[in-house]
Number of protein chains: 2
Amino acid sequence: MTATREDAYLQIGEVAERLGVTHRTLRFYEEKGLLKPPTRMEGGFRLYSEDDVRRVERIKQLQRLLNVSLAEIKEMVEAEELKSQIRAEYRRDADVAERREKLQRALAETEKQYALICQKVEQLSAMQDEYAQKIAKYHGWLAQLGSADEATGERVP
Amino acid sequence: MTATREDAYLQIGEVAERLGVTHRTLRFYEEKGLLKPPTRMEGGFRLYSEDDVRRVERIKQLQRLLNVSLAEIKEMVEAEELKSQIRAEYRRDADVAERREKLQRALAETEKQYALICQKVEQLSAMQDEYAQKIAKYHGWLAQLGSADEATGERVP
DNA sequence: GTCCACCTTGACGTGCGCGGAAGGGGCGAC
DNA sequence: GTCGCCCCTTCCGCGCACGTCAAGGTGGAC
């Protein structure tokens, strides 16, 4: 059990290879506060947990899909961190009012992000439709060209 | 008619204000070949047509939604330019085979872009679902807290 | 003519998101 | 021990997408 736990920890190079990023990127995220400082070996080597790895994946996902700055992504992942805090505190005798406040903050942030995503999906879907129509038009024109090789009386705008 | 045509041309500052970009951005796009050099007044002032304006809007849209480099966007808008060329050549006695080839190139590029958009929409939709579930969970937890604590909470939408 | 807002080119500066090299230390195998 | 590889911090550099400043030309109103 302790063995599996220790095996679960990865050095920076392994994480980098797994996720297709460089060790520089991981250290950079740590510098910028997007990643909490990972645990270390005695000699100072960083040891990343599976949670850490998931966090990096999340960051990359947000970056790819939402096109927002790392500063904004930092706020986003910090909101997710709140959730973990709430979970951790759940067993203890944390104040109910305090827990609710945290939940509401996390919820508000999540809803903000959700709205952003919805907006993006909407716009992208519109663009998708637009492209589908363009493709249909091209196919139409090509069909005309194909059938009317000598009989040229068709309309191509 | 000539009057409306001339009125339709805009100076760089007007375009910038309309689109919420700076004149530097417009010049930059021109330098990089994303915008074809606009017509000029005698004194050298740039005069942008409505087509030019739409082109800039398009560039900005692609940038916002697809998160790709200007170099890639250049290729995309160049593909759209092919379509205009085909239109322009239609009246003339352009070779049918040549026109078909251009159409097919334009179609191929458009389909490539379409695939990219589909992929993005898919991933973003998945993320959207994920967030919707998260929000539902938060609401559930808040409801639990609210009922267990017997009612100082009011905001559980 | 004069004024002033707007335009021109050119060149250097900036913030972001890392890249890469220097100089040094840790770790496991032999 | 020592060899080789991976890791550490520090610091300068780079590409992208512009921002910004300088020095001057243009255009229409008065």
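Order of the sequence lines sets the chain letters (A, B, ...), proteins ahead of strands, with each chain counted from 1.
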Please enumerate all residues that pass side chain to side chain donor-acceptor pair (under 3.5 Å) together with [X], with sequence neighbours excluded.
X: B:E109; value: B:Q113
X: A:E130; value: B:R58
X: B:E72; value: B:S69
X: A:D129; value: none

Exercise. Taking NZ, NE, NH1 and NH2 as the nitrogens, is one of them in B:R46 or B:E30 under 4.0 Å from a carboxylate oxygen of the other?
Worked result: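 Between B:E30 and B:R46 there is a salt bridge, with a charged N closer than 4.0 Å to a carboxylate O.
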Exercise. Does a side-chain N-to-carboxylate-O contact under 4.0 Å join B:D51 and B:R54?
Worked result: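 Salt bridge flag = yes for B:R54 with B:D51.
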For this session: Output all residues satisfying side chain to side chain contact (heavy atoms under 4.5 Å, CB included) with A:E101, sequence neighbours left out; order by chain, then residue number.
Result: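 Only A:R105 meet the side chain to side chain contact (heavy atoms under 4.5 Å, CB included) criterion with A:E101.
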Exercise. For A:R18, what residues pass the side chain to side chain contact (heavy atoms under 4.5 Å, CB included) criterion, not counting sequence neighbours?
Worked result: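 With neighbours one apart ignored, the set is A:L10, A:E50.
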Exercise. Which range-with-range stems can be found for DNA chain D when each stem has 3 or more Watson-Crick or G-U pairs in a row and both distances sit under 3.5 Å?
Worked result: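 DNA chain D forms these stems: C:1-30 with D:1-30.
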Problem set entry | Atom CD of B:E78 with >12 non-hydrogen neighbours under 6.0 angstrom |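 Correct, the count exceeds 12.
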Exercise. What is the distance from atom CD of A:Q133 to atom OG1 of B:T110, rounded to the nearest 0.5 Å?
Worked result: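 It comes to 13.0 Å.
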Exercise. Distance from B:L70 atom CG to B:Y29 atom OH, nearest 0.5 Å?
Worked result: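 Going from CG on B:L70 over to OH on B:Y29, the span is 5.5 Å.
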Problem set entry | Backbone of A:L47 reached by a side-chain donor or acceptor of A:T39 within 3.5 Å |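 Side chain of A:T39 to backbone of A:L47: a pair is present.
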With 3.5 Å as the limit, what N/O pairs link the protein to nucleotides 22-29 of chain D?
residue: D:dG27; atom: OP1; partner: B:G43; partner atom: N; Å: 2.9

Exercise. Of the non-hydrogen atoms in A:P38 and A:Y48, which two are nearest, and what is the gap between them?
Worked result: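 Reported closest heavy-atom pair: CG-CE2, 3.8 Å.
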For this session: Check each residue of residues 22-37 of chain B for a non-hydrogen atom within less than 4.0 Å of any atom in DNA chain D, then write out the ones that pass by number, or none.
Result: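 The stretch gives B:T22, B:R24, B:T25, B:F28, B:Y29 as the residues lying under 4.0 Å from the strand, ordered by number.
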Problem set entry | Positions of residues 52-79 of chain B (non-hydrogen atom under 4.0 Å from DNA chain C), listed by number |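 Nothing qualifies; none.
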Problem set entry | Side-chain heavy-atom pair A:L19, A:T25 within 4.5 angstrom cut-off |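 A side-chain contact is absent here, since even the closest heavy-atom pair is not under 4.5 Å.
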Exercise. For DNA chain C, which nucleotides open and close the run of contacts to chain A, 5' to 3', at under 4.0 angstrom from a non-hydrogen atom?
Worked result: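 So the outermost contacting nucleotides come out as C:dG17 to C:dC27.
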Exercise. Listed by chain and number, what are the salt bridge (Lys or Arg N to Asp or Glu O under 4.0 Å) partners of B:K134, not counting sequence neighbours?
Worked result: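 If we apply the salt bridge (Lys or Arg N to Asp or Glu O under 4.0 Å) test to B:K134, skipping adjacent residues, the hits are A:E80.
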